[in-house]
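Once you've had a glance at the structure underneath, I'll fire off some questions.
In listed order, ligands and their atoms are each counted from 1. All values below come from the heavy atoms of this structure, side chains included, with hydrogens, waters and symmetry mates left out. Note that the structure is a prediction, hence the values are computed from the model and not measured.
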Amino acid sequence: MSEFSEWFHKILEEAEIIDTRYPIKGMHVWLPQGFKIRKHTLKILRDILDQDHEEVLFPLLIPEDELQKEAIHVKGFEDEVYWVTHGGLTQLNKKLALRPTSETAMYPMFSLWVRSHSDLPMKFYQIVNTFRYETKHTRPLIRVREITTFEEAHTIHSSEAETEKQVERAIEIYRTFFDSLGIPYVITKRPEWDKFPGAVYTMAFDTLLPDGKTLQIGTVHNLGQNFARTFDITYETPSGEHEYVYQTCYGLSDRVIASVIGVHGDEAGLSLPPQLAPYQVVLVPIIFKKGGEEVIEFCKEIEEKLKTEGNLRIYLDDRDIRAGKKFYEWEMRGVPLRIEIGPRDIRNNEMIIVKRNILQKETLKLNPETLTEDINSILSDITHGMKEKAWAILKENIRPVESIEQAVKEISENNGIISFAWCGQKACGKEIEEKIRVDILGIQENFEGEGRCINCDETAKHLTLLSRTY
Ligand code: A5A
Ligand code: MG
Ligand code: ZN
């Protein structure tokens with residue numbers, strides 16, 4: 001196990017995010033702290049999607065014949081599907097699949113729903129659990145067999161140009177979402193041989209975890225008319241003809257929470273963006289032998305004010321244990337801001353604040369008029385600080401290379417992401433992957449640079465990224 005992997009498991013346990021002892025491999029229990037982080041994350045996501053999508057909820061089970069209609073799609077998932085074969089003691093005459101994703105659950109219904117050009121576009125999403133019998137090493141939140149938090153959007157359009165625009169729009173949506181969590185990313189087009197089964201092409205978001213490996217945290221697929229043909233999804237044009245629709249879909253998962261934990265965490269434990277934190281502020285009274293009552297009373301007033309005026313999630317920790325122990329515990333749980341107040345602070349009209357992301361003590365003048373505003377602006381500084389730091393680390397770890405030898409050296413010595421010019425031909429790409437012994441992550445299309453392919457020396461078409469991945 002890598003150092004990061006050990007850290008990650010320890011944090012999941014100590015911060016009470018999830019319990020990994022459930023007796024099925026790849027399936028875990030969300031604990032109260034983790035559940036709250038998840039809830040706040042989903043709130044942000046729903047607020048964004050609800051602007052121009054409608055939320056729906058499809059059944060978990062998919063009939064065998066529907067799942068198997070789209071040949072390429074089913075080929076891509078055949079090793080990963082869980083099957084329900086019995087109802088009680090009775091063998092079912094049609095096996096039912098636990099959805100690995102919901103194209104084949106939704107699209108037969110879309111075929112009934114879509115009638116006329118005036119119905120289009122349609123944009124739906126659902127947030128559900130999906131099941132994939134993953135054969136690669138499972139890891140909590142990162143590669144699970146029950147994806148408990150699978151957001152999948154599915155859109156239907158009347159032209160190819162519109163799906164292209166929707167892909168752009170979906171990328172914008174996920175950008176906004178990841179930005180609000182402070183998670184940095186690279187966006188690439190997956191190589192032809194690594195796209196979503198059944199898609200025309202796949203765009204992906206990847207972030208970098210502290211061990212230098214990337215994690216795919218979201219994907220946007222242009223499905224063209226592939227599924228429309230299989231599931232017979234047609235619409236009537238203004239001139240009365242029947243045409244196949246064009247579709248996109250895009251999704252993300254529990255991996256988003258894994259990256260919040262991995263990207264922002266440090267030796268002291270979790271560090272949560274204020275928007276996600278179960279408690280955004282913890283208030284610790286510093287009590288000496290005398291004057292304890294007075295300090296607690298004062299802290300209660302502050303707590304009340306921040307709760308009612310600022311709608312903040314705040315916890316007054318007046319437990320009878322050493323302050324140092326409290327600091328340690330809340331730091332480990334990632335509470336973004338700690339306020340300490342002792343008798344002297346009250347007299348001086350100030351308080352000590354410690355931002356979790358930098359862990360330095362600062363003094364804040366205590367002005368009741370502006371307190372809520374002051375704390376809110378500190379929380380927003382924390383959000384920005386976390387995001388900037390995370391982006392700086394990602395950028396530092398993308399390094400250009402000019403030869404295969406240099407690529408091999410960089411990847412083995414430093415991990416991270418390397419970038420180079422590639423001609424775009426499949427055979428050459430496969431050769432690159434073999435020589436470096438790491439798979440291509442994807443290509444950045446807006447490559448204007450000139451240059452020669454790192455491998456075959458032909459004219460380069462794409463700036464290509466490569467990294468070890470989860
Ligand atoms: N229907 C489309 C959206 C779809 O299923 N795309 S996908 O297969 O790429 O999955 C969407 C996202 O789910 C991926 O980008 C990845 O971030 C996440 N994901 C896939 N398999 C996972 C697993 N076993 N555990 C956790 N997350 C997973
Ligand atoms: Mg897979
Ligand atoms: Zn080449």
### Query
Would you say F150 contacts ligand 1, with heavy atoms under 4.0 Å as the rule?
yes
### Query
Under a heavy-atom criterion of less than 4.0 Å, does I142 contact ligand 1?
yes
### Task
Measure the acute angle between the ring planes of W422 and H462, then classify it against the limits of 30° and 60° as parallel, tilted or perpendicular.
tilted
### Task
Please determine if R333 and E16 form a salt bridge, counting it only when a charged side-chain N lies under 4.0 Å from a carboxylate O.
yes
### Query
At under 4.0 Å between heavy atoms, which part of T219 makes contact with ligand 1: side chain, backbone, both or neither?
both
### Message
Once you restrict to heavy atoms under 4.0 Å, what part of T202 touches ligand 1? Side chain, backbone, both or neither.
### Response
neither
### Query
Is T101 touching ligand 1 with its side chain, its backbone, both, or neither, if touching means heavy atoms under 4.0 Å apart?
side chain
### Query
Is R338 salt-bridged to E331, going by a charged N under 4.0 Å from an acidic O?
yes
### Task
Evaluate the ring planes of W113 and F110, with Trp represented by its six-membered ring, and classify them as parallel (under 30°), tilted (30 to 60°) or perpendicular (over 60°).
tilted
### Query
Using a heavy-atom cut-off of under 4.0 Å, does the side chain or the backbone of F196 touch ligand 1, or both, or neither?
side chain
#### Entry: Residue portion contacting ligand 1 (non-hydrogen atoms closer than 4.0 Å) for Q216
both
### Task
Measure up the F205 and F178 rings against each other and bin them: parallel (under 30°), tilted (30 to 60°), perpendicular (over 60°).
tilted
### Query
What part of I217, side chain, backbone, both or neither, has a heavy atom within less than 4.0 angstrom of ligand 1?
backbone
### Message
Distance check, rounded to the nearest 0.5 Å: I261 atom CD1 versus I18 atom CD1?
### Response
7.5 Å
### Task
Sort by chain and number the protein N/O/S atoms that are closer than 2.8 Å to the Zn ion (ligand 3), and list them.
C423 SG, C428 SG, C453 SG, C456 SG
### Message
Please work out, at 4.0 Å between heavy atoms, whether the side chain, the backbone, both, or neither of R145 comes within that distance of ligand 1.
### Response
neither
